[in-house]
There are 2 protein chains.
Amino acid sequence: MRIDKAHSNGSDGAKRARGHVHEHVLHYMRRGLMIGAFVPGQVMSLRKLAAGLGTSPMPVREVLSRLVAASALEETAGGSVRVPKLRPEKLSDLFAVREMIEGTAAESAAKKAGPGLLAELNGINEQLLTAIEKRDILNCLSFNQKFHFTLYEASGSEVLMPLIESLWLQFGPTMYMSLLIPSMPWNASDHKDILSALKDGHAAAVKKGIVHDIRTTGKALLSVAGPDGVDLPFARGPELQFDY
Amino acid sequence: MRIDKAHSNGSDGAKRARGHVHEHVLHYMRRGLMIGAFVPGQVMSLRKLAAGLGTSPMPVREVLSRLVAASALEETAGGSVRVPKLRPEKLSDLFAVREMIEGTAAESAAKKAGPGLLAELNGINEQLLTAIEKRDILNCLSFNQKFHFTLYEASGSEVLMPLIESLWLQFGPTMYMSLLIPSMPWNASDHKDILSALKDGHAAAVKKGIVHDIRTTGKALLSVAGPDGVDLPFARGPELQFDY
DNA sequence: CCAGCGCGATTGTGATCTCATATTGTGATC
DNA sequence: GATCACAATATGAGATCACAATCGCGCTGG
């Protein structure tokens, strides 16, 4: 989807619809962070981003502001915002907190799971396995996220979900980078255990599966992270443009 | 502290200092939410707030945007933002998550506690007890918050702190309202146990104390909450102005 | 007396402008 | 050749303007 250039107040088409531009921008940025369109360390320029999206810096500023509030981005001394580089200690912290929070969400979800949930998760996991087979990073990350969030969503907690989203936005860029490294394993084996535990209605086992999945991912991520986060052994420039 | 009116681009005094107005506004709003200057359900008007603070709507918009991202405020259908009313289920959720997260933070803090922490917490608790004695709501909330956050801060987790802050901002307004209700107990008895456990270096006991403190508070809050959150038995208008 | 309607006031949103500051690039000096 | 200073540029922040959607309130018709 492309945002139409809505410049020039006057004349012709494209009446300004109220209050929806920033939603597009937010969606664009969140997705961009998740699928690795932005490199850790990269500073975001209001004007550049705005130009790329065909809007004024204003909606971009609002969105960046929200993402800073969610710890997905950080401000530099000069007031710019950039994608944070995760030091190993913070990465470790992040995954420890993930285990706790997402483990709880998974357990709660398992207790409340309706009949449709299992089928839905199975379908998503099939697509995830296909993506892994094809070495398709984007779909791999996308379906993995969908798997986890669909499960957690079933907990029905309006409190946990925003916290989990904040955590995912924080490690998202690093996660993508790590998948570019050859030694990084692509693994979704824990999902099978989670699904079978869910089928049996064993909430504690579902929690255990999620915790194990997160721990495995965290260990793998830490193993490829240098002191300043994940760095690639080859050059890779920031992609300011991508389709979504 | 008062923010100088920095209107009118031209002429006389008050040169526009760069990029600090919104920090004042953010501080003002966060504190306002914590100390109950804003009533749950109240809608915030950009222009009113800006006029009250002597700035343009712009910095206010950015701050409100961040607070919405932190779940401290919510947007109405029309795009305005308001202080959320917490339904009992959400309140219950919130305090369950608090137990988990703050319990973990407290345990971690207890393990890393340096020698100065105990003294600092003791001092804060003294002030809290004085505030309770005087039935001074503002200082009571303020010192209670300081007690908890000082403890959690000692965990050194850059990941947990923002999450905890988000949670406190969510129940802050409701907490204040509840203290206005006569039947609501003013209690800090758990803090004594926490301090003695901390002195003995029993991290697990510190965690237990924090969890108990949170659970007690949550139960009390739930007991005075109606189906639409805490409502006062008497009228109370929103206070748009307060000193801080 | 109440429901439906319409007009006006209010509000949020996005664009544009200006300014102060941060950053970068260039040139001179040691 | 390296370093420092200064200038040019880029960038974010805040103010102001314009506009459309929304909300409130009174009016009118049943």
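The figures here come from the full heavy-atom set of this structure, side chains too, leaving out hydrogens, waters and symmetry mates.
B:Lys48 has no side-chain polar atom (N or O) that falls below the 4.0 Å cut-off from OP1 or OP2 of C:dT10. For B:Ser56 and D:dT16, the shortest distance from a side-chain N or O to OP1 or OP2 is not below 4.0 Å. Using a 4.0 Å cut-off, no side-chain N or O of B:His22 falls inside it from OP1 or OP2 of D:dA13.
You'll find that the side chain of B:Ser80 is closest to C:dG12, out of C:dG14, D:dG14, C:dG12. For B:Leu46, whose side chain is taken as the heavy atoms from C-beta onward, the closest listed nucleotide among C:dG14, C:dT13, C:dT11 is C:dT13.
If you take CG of A:Leu53 and P of C:dA15, they are 11 Å apart, rounded to a whole angstrom. Whole-Å rounding puts the B:Arg47 CZ to C:dT13 P distance at 10 Å. At whole-Å resolution of the value, CG in A:Leu49 and P in C:dA15 are 14 Å apart. Between the C1' atom of C:dG12 and the CZ atom of B:Arg82 lies a distance of 15 Å, rounded to the nearest Å. Taking atom CE of A:Met44 as the reference point, atom P of D:dA13 lies 14 Å away to the nearest angstrom.
Atoms SG and OH, from A:Cys140 and A:Tyr176 in turn, are 11.0 Å apart once rounded to the nearest 0.5 Å.
Only A:Met58, A:Pro59, listed by number, bring a heavy atom of residues 58-70 of chain A to less than 4.0 angstrom from any atom of DNA chain C.
Within the 4.5 Å cutoff, side-chain heavy atoms of A:Arg98 are placed close to those of A:Trp168. In this structure, the side chains of A:Leu117 and A:Lys112 stay at 4.5 Å or more apart for every pair of heavy atoms.
Looking at every heavy atom in both residues, B:Arg31 comes nearest to B:Ser142 through NH1-OG, 3.9 Å.
With pairs defined as Watson-Crick or G-U wobble and both atom distances under 3.5 Å, the stems of at least three pairs that touch DNA chain C come out as C:1-30 with D:1-30.
Under the rule for a salt bridge (charged side-chain N to carboxylate O under 4.0 Å, His left out), the partners of A:Arg82 that lie at least two apart in sequence or sit in another chain are A:Glu74. B:Glu120 meets the side-chain contact (heavy atoms from CB on, under 4.5 Å) test with B:Ile124, B:Thr150; sequence neighbours excluded. Taking the salt bridge (charged side-chain N to carboxylate O under 4.0 Å, His left out) definition, one finds that A:Glu165 meets it with A:Arg30, sequence neighbours left out. Scanning for side-chain hydrogen bond (donor to acceptor under 3.5 Å, both in side chains) contacts around A:Arg87 gives A:Glu89, B:Glu158, with sequence neighbours left out.
Between the side chain of B:Ser155 and the backbone N or O of B:Tyr152 there is at least one donor-acceptor pair closer than 3.5 Å.
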